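Here is the naming used below: chain letters follow the sequence lines, and residue numbers restart at 1 for every chain. These numbers come from the heavy atoms of this one structure, side chains and all, not from hydrogens, waters or symmetry mates. The structure displayed is predicted, hence computed values, not measured ones.
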There are 2 protein chains.
Amino acid sequence: MINTIWWKKGKVYILDQRKLPHKEEVIECKNYHKVTLCIRNMSIRGAPAIGIASAMGLALGAKSIKDRTKDRFFKKLRAIANRFLRTRPTGVNLFWAIDRLLALARKNRKKSLEEIKYILEKEAINILKEDIRLNKRIGKNGLRLINKPASVLTHCNTGSLATGGYGTALGVIRAAFSKGKIKKVFVDETRPALQGARLTTWELVHDKIPAVLLTDNMAGHLMQKGIIDCVIVGADRIAANGDVVNKIGTYTLAVLAKHHHVPFYVAAPSSTVDMKTYKGENVVIEERDPREVLEIQKRRIAPRNIPVVNPAFDLTPHKLVSAIITERGVVKHPSRKKMVSHFSSGD
Amino acid sequence: MINTIWWKKGKVYILDQRKLPHKEEVIECKNYHKVTLCIRNMSIRGAPAIGIASAMGLALGAKSIKDRTKDRFFKKLRAIANRFLRTRPTGVNLFWAIDRLLALARKNRKKSLEEIKYILEKEAINILKEDIRLNKRIGKNGLRLINKPASVLTHCNTGSLATGGYGTALGVIRAAFSKGKIKKVFVDETRPALQGARLTTWELVHDKIPAVLLTDNMAGHLMQKGIIDCVIVGADRIAANGDVVNKIGTYTLAVLAKHHHVPFYVAAPSSTVDMKTYKGENVVIEERDPREVLEIQKRRIAPRNIPVVNPAFDLTPHKLVSAIITERGVVKHPSRKKMVSHFSSGD
């Protein structure tokens, strides 16, 4: 399996996804600053992977706090947590992971600082392991929705590189492929950062799953020709009504899928579901550096003096979603009522 | 005005659009082979510009025929014409321009070979001049459809570079801007060949028309936010029922426009209307070199061993078209009946 992030002897290692598929370079993070940088510049990306990176980063930060009083330790820990919370505003797994570590630290406040630091380290590593287990369950749950060997369209990268391993939407595709249910995977290149062209194709070639690359503007043409049986994408945040915020271009695919009566599935761990976000419109859509649009692999493609829009995500209203797949099961035709009954129970 | 092709002292000069916006290089074509190459490799592109280039190329080819008997001259002329007809299969202006020159040569068969060659040269130059005049009329006709200062979305390049000058869809935008009816032009980058990012932005910056660049997968998001007032695109072929074949990605924009109740306009000279093509499905969609998808400005973006689809065009059914704008007028909500009554009359 491809590892995108791991913890080893008090350091965090991140596979530099900006260099893929050309080079497999690993970034060694000795301090949490470096981890925040990796998240910001998309050396590591994908909502679940960002959650893991921020948990490991916070654990790394905790170890670096030299203060010996609890008050000062917790004050600094919160400050480091805030640094992570400010890296990227849209995906919710980041907030979920940081909250989880902070709550655990508070719960163990009575223990020694050394113990608390150790607990945080274990928990961060645990979030990674847990994520892989959850993804395999998402894969199994998604399997039910694919009845015959299907040609599947996917967007961005939702595989091992975007998660602890295995993947969300790509996890469903992996699970389906292992059961002979995948004819072909059509991969949107996913401008501006080309996660589809660079990362998803790389994972699929690695796993010998038949894949075809297309530019983002070809999906409509393929659906019109009846080539696409279903669309499966991931999510960066799912609101309480089932609205999905995901990589820019997802909404366009959902509209196209609706127009062509093609099922549109969203796969994500339940930590991506944010019941505190009432609807998708309330999610802050990150606007990124114009150079991502103006340059491709550091080569300028447009003239000087041309303004750019670069929203990193878009919003797909729940009415366009055929089903949300998480490790807890499948919510078909999501609505607020169904989401509340499915996700508000249990923990 | 920007010139993309011109005739001078028995040679054809073509601005190499593959190098724009970085370099303004001109290709000197001393023989017709070089012109066919420029069309094939997209040094010159855009259905009307390809029509002009093939007319000039055929005139150049006629001059190179050394045979002194009429029969052999006409046989060779037809052979050269066939070479042009095989360069690119989808746009119809190429076929229209070659047919026009061949018919003119036949009509003047009784004249001397030198005279026939001279007539063909004048006609090719005339097609260029005529195209600019037609585009200005298209602009005027399109103007009626824009009532208030509008934010317009366009795709690919339909400007001076795609035509004899002024442009089709971009001609409408130029005309509307001159009347204060353009707030902003949103330009799809138009993968794989990036005609929007490289060429349309370059023309708009040149003309000081406010423009914003976006990746192809952002249009849905902008429409959802209510930012786009209308879409205007060009066409490579318009069928007898009003179906539009145009640059890949056009169909996706048409579906998005329909979903958001945004008017979707197509602007083209009447030579793009092919009444002999019954419906859009009958048009051959050119499949181009996979390297256009796999490489951007000669830099590889995807792993080895990944198959690719690369249809150069797609089909927008007439039901998604709000109006077709030509130099003859505007056909709103085109249907076979309206198209026949509008385009079968006159010449």
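In this structure, chain B has no heavy atom under 4.5 Å from any part of Glu292(A). Both the backbone and the side chain of Val309(A) come within less than 4.5 Å of a heavy atom of chain B. When heavy atoms are compared at a cutoff of 4.5 Å, Asp188(B) does not approach chain A at all. Only the side chain of Leu320(A) has a heavy atom closer than 4.5 Å to any heavy atom of chain B. Of the atoms belonging to Arg300(B), heavy atoms from both backbone and side chain fall under 4.5 Å from chain A. Only the side chain of Pro21(A) comes within less than 4.5 Å of a heavy atom of chain B; its backbone N, CA, C and O stay farther away. For Leu315(B), the parts sitting under 4.5 Å from any heavy atom of chain A are the backbone and the side chain alike. Contact of Leu194(A) with chain B is made through the side chain alone, with heavy-atom distances under 4.5 Å. Interface residue Asp216(A): only side-chain heavy atoms are found under 4.5 Å from chain B. In this structure, chain A has no heavy atom under 4.5 Å from any part of Glu281(B).
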- Task: Evaluate the criterion side chain to side chain donor-acceptor pair (under 3.5 Å) for residue pair Asn157(B) and Thr200(B); output intermediate values, then yes/no.
- Result: CA-CA 5 Å; Asn157(B) 173 269; Thr200(B) 301; 3.2 Å; yes
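Near-neighbour residues of residues 236-250 of chain B relative to chain A, defined by a heavy atom under 4.5 Å from a heavy atom of that chain, comprise Ile248(B), Gly249(B).
The most heavy-atom pairs under 4.5 Å with chain A, out of Val205(B), Asn305(B), Ile296(B), come from Ile296(B). Ranking Leu256(B), Val293(B), Asp314(B) against chain A, the residue ahead of the rest is Leu256(B), based on heavy-atom pairs under 4.5 Å. Of the listed residues Arg198(B), Met223(B), His221(B), the one with more heavy-atom pairs under 4.5 angstrom with chain A than any other is His221(B). Counting heavy-atom pairs closer than 4.5 Å to chain A, the top residue among Thr252(B), Val187(B), Thr190(B), Leu294(B) is Thr252(B). Interface summary for chain B: among His259(A), Met218(A), Lys225(A), the most heavy-atom pairs under 4.5 angstrom belong to Met218(A). For the set Ile306(A), Leu214(A), Leu199(A), the count of heavy-atom pairs under 4.5 angstrom toward chain B peaks at Ile306(A).
A salt bridge links Arg174(B) with Glu203(B): the closest approach of a Lys/Arg side-chain nitrogen to an acidic carboxylate oxygen falls below 4.0 angstrom. Taking the charged nitrogens against the carboxylate oxygens, Glu24(B) and Lys19(B) have no contact shorter than 4.0 Å, which rules out a salt bridge.
A donor-acceptor pair is defined here as one N or O able to donate and one able to accept, closer than 3.5 Å; such a pair exists between the side chain of Asn310(B) and the backbone of Asp289(B). Thr154(B) places a side-chain N or O within donor-acceptor distance of the main-chain N or O of Ile232(B), the cut-off being under 3.5 Å. With hydrogens and angles ignored, the 3.5 Å screen pairs no side-chain donor or acceptor of Thr272(A) with any backbone N or O of Ala268(A). Ser151(A) contributes no side-chain N or O that, together with a main-chain N or O of Asp229(A), makes up a donor-acceptor pair within less than 3.5 Å. In this structure, Arg18(B) contributes its side chain and Ile44(B) its backbone to no donor-acceptor pair below 3.5 Å. Judged by distance alone, the side chain of Thr163(A) and the main-chain N or O of Gly165(A) form a donor-acceptor pair under 3.5 Å.
How far OG1 of Thr90(B) is from CD of Glu287(B): 10.5 Å, rounded to the nearest 0.5 Å. Of the inter-residue distances, the one linking Asn217(A) atom CG with Tyr251(B) atom OH reads 14.0 Å to the nearest 0.5 angstrom.
Checked against a 6.0 Å centroid threshold, the rings of His155(A) and Tyr265(A) do not count as neighbours.
A side-chain N or O of Gln17(A) and one of Thr4(A) form a donor-acceptor pair less than 3.5 Å apart.
Stacking of Arg288(A) on the aromatic ring of Phe313(A) is not recorded, the 6.0 Å distance cut-off and the 45° axial limit not both being met.
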